[in-house]
Amino acid sequence: MENRPTWQQYFMQMAYLAAKRSTCLRRAVGAVMVRDNQIVSTGYNGSPKGTPHCSEVGCLREQQNVPSGQKHELCRGVHAEQNAIIQAAINGSSTRGAELYCTNQPCSICARLIINAEIKTVYVAETYPDALAEQLFKEAGVDLIQFNIETNALVRLI
């Protein structure tokens, strides 16, 4: 079975599938939380439940010309990583010791949530320039690993 994906490929492909549900106009991001090779929860970035999506009302960050990586509070969207943690909580699933597969590297806000959720490893497909997030992960002992879904190559970032 040479075409069978590795666990990392399998879960990262699922993160990309979750990202297809995104309603963000700037960047579609998906996340899959896993423990013992079992999916705990998934998330994608989009507006809070019951509120209009950016695709309906426009992007506040675009309207104010906010550069990528700055002023995260000026966004109506909930990040994919945040939604994965929230969904685990809603469904009564522990996040302690879990792995998180993300299409994009978490920002510093998400890094703080990941640390406090006691997630131990974060796999990312694409890096994101956030030095504070990387510093926080390093200080907290969270492994940050870039994963190339095509080559199956792992590169430890933290």
Side-chain angles (χ1 to χ4, degrees), residues 1-48 61 66-73 75 77-158:
M1 298 186 104
E2 63 188 62
N3 291 332
R4 186 176 187 207
T6 65
W7 285 115
Q8 287 89 7
Q9 287 171 321
Y10 177 68
F11 294 126
M12 192 62 78
Q13 287 172 353
M14 289 191 165
Y16 275 103
L17 181 60
K20 291 183 178 194
R21 292 275 310 151
S22 171
T23 59
C24 180
L25 298 175
R26 282 186 147 189
R27 179 183 323 226
V29 180
V32 175
M33 190 180 316
V34 175
R35 195 175 46 257
D36 299 325
N37 289 334
Q38 296 295 314
I39 295 171
V40 174
S41 65
T42 64
Y44 55 87
N45 56 331
S47 298
R61 294 172 60 80
V66 177
S68 180
Q70 297 179 17
K71 299 183 180 180
H72 294 287
E73 71 279 6
C75 178
V78 180
H79 289 188
E81 305 91 326
Q82 295 168 354
N83 272 323
I85 292 168
I86 291 165
Q87 288 306 308
I90 287 172
N91 292 310
S93 298
S94 176
T95 58
R96 181 176 288 139
E99 299 174 332
L100 190 64
Y101 289 81
C102 302
T103 57
N104 297 79
Q105 186 172 323
C107 69
S108 60
I109 294 170
C110 289
R112 288 176 271 208
L113 293 171
I114 289 165
I115 292 165
N116 278 1
E118 298 185 20
I119 295 166
K120 294 301 176 196
T121 304
V122 178
Y123 292 95
V124 299
E126 299 175 37
T127 59
Y128 182 80
D130 192 325
L132 178 57
E134 292 177 7
Q135 178 185 342
L136 291 169
F137 280 147
K138 185 175 184 179
E139 291 171 355
V142 174
D143 292 324
L144 181 62
I145 300 169
Q146 184 173 17
F147 175 68
N148 184 316
I149 199 167
E150 299 300 323
T151 65
N152 214 24
L154 299 169
V155 176
R156 184 173 299 277
L157 301 173
I158 301 291

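With values rounded to the nearest 0.5 angstrom, Asp143 atom CG is found 13.0 Å from Leu100 atom CG. To the nearest 0.5 angstrom, Cys107 atom SG is 6.5 Å from Asp130 atom CG. If you take OH on Tyr123 and CD on Glu99, they are separated by 4.5 Å, rounding to the nearest 0.5 Å. Taking CD1 of Ile85 as the start and CG of Asn116 as the end, the distance is 9.0 Å to the nearest 0.5 Å. To the nearest 0.5 Å, the span separating CD1 on Ile115 from CG on Leu136 amounts to 5.0 Å. Rounded to the nearest 0.5 Å, atoms CG (Leu144) and CD (Glu134) are 6.5 Å apart.
Smallest separation of non-hydrogen atoms from Cys110 and Glu81: SG-OE1, 3.6 Å. Arg61 and Cys75 get closest at one heavy-atom pair: CD-CB, 3.6 Å. Closest of all the heavy-atom pairs between Lys138 and Ile158 is CA-CG2, 3.5 Å. Of all heavy-atom pairs spanning Ala28 and Thr103, the tightest one is O-OG1, 4.1 Å. Residues Ser41 and Ala84 approach most closely at OG-O, 2.6 Å, considering heavy atoms. In terms of heavy atoms, Pro48 sits closest to Val78 at CG-CG2, 4.0 Å.
For the pair Asn152/Phe147, a side-chain contact is recorded, criterion being any heavy-atom separation below 4.5 Å from C-beta on. Annotation: side chain of Val29 is not in contact with side chain of Cys24 (no heavy-atom distance under 4.5 Å).
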Q: Show your working on side chain to side chain contact (heavy atoms under 4.5 Å, CB included) between Tyr10 and Arg4 and close with a plain yes or no.
A: CA-CA 9 Å; Tyr10 177 68; Arg4 186 176 187 207; over 6 Å; no
Q) Can you check side chain to side chain contact (heavy atoms under 4.5 Å, CB included) on Ser93 and Met33, steps first, answer last? A) CA-CA 10 Å; Ser93 298; Met33 190 180 316; over 6 Å; no
Item to check | side chain to side chain contact (heavy atoms under 4.5 Å, CB included) evaluation trace for Ser94 with Arg35 | outcome: CA-CA 9 Å; Ser94 176; Arg35 195 175 46 257; 4.1 Å; yes
Is there a side chain to side chain contact (heavy atoms under 4.5 Å, CB included) between Phe137 and Ile114? Walk through the geometry before answering. CA-CA 9 Å; Phe137 280 147; Ile114 289 165; 3.8 Å; yes
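Remark: side-chain polar atoms of Asn45 are not paired, donor with acceptor, to backbone N or O of Ser22 under 3.5 angstrom. Not one N or O on the side chain of Gln105 forms a donor-acceptor pair closer than 3.5 Å with the backbone of Glu126. Under the 3.5 Å distance criterion, the side-chain polar atoms of Thr95 are matched with a main-chain donor or acceptor of Ala117. For Glu118 (side chain) and Gly97 (main-chain N/O), no donor-acceptor pair under 3.5 Å exists by modelled atom type.
Between Phe11 and Trp7, the ring planes are parallel. Angles under 30° get that label, and only those over 60° would be called perpendicular. Using bins of under 30°, 30° to 60° and over 60° for the plane-to-plane angle, the ring pair His72/His79 lands in the perpendicular bin.
Within a 6.0 Å sphere centred on CG of Asp36, other residues, nucleotides and ligands contribute 12 heavy atoms or fewer.
A side-chain donor from one of Gln135 and Glu139 sits under 3.5 Å from a side-chain acceptor of the other. At a cut-off of 3.5 Å, with distance as the only test, no side-chain donor of Thr42 or Arg21 sits close to an acceptor on the other residue.
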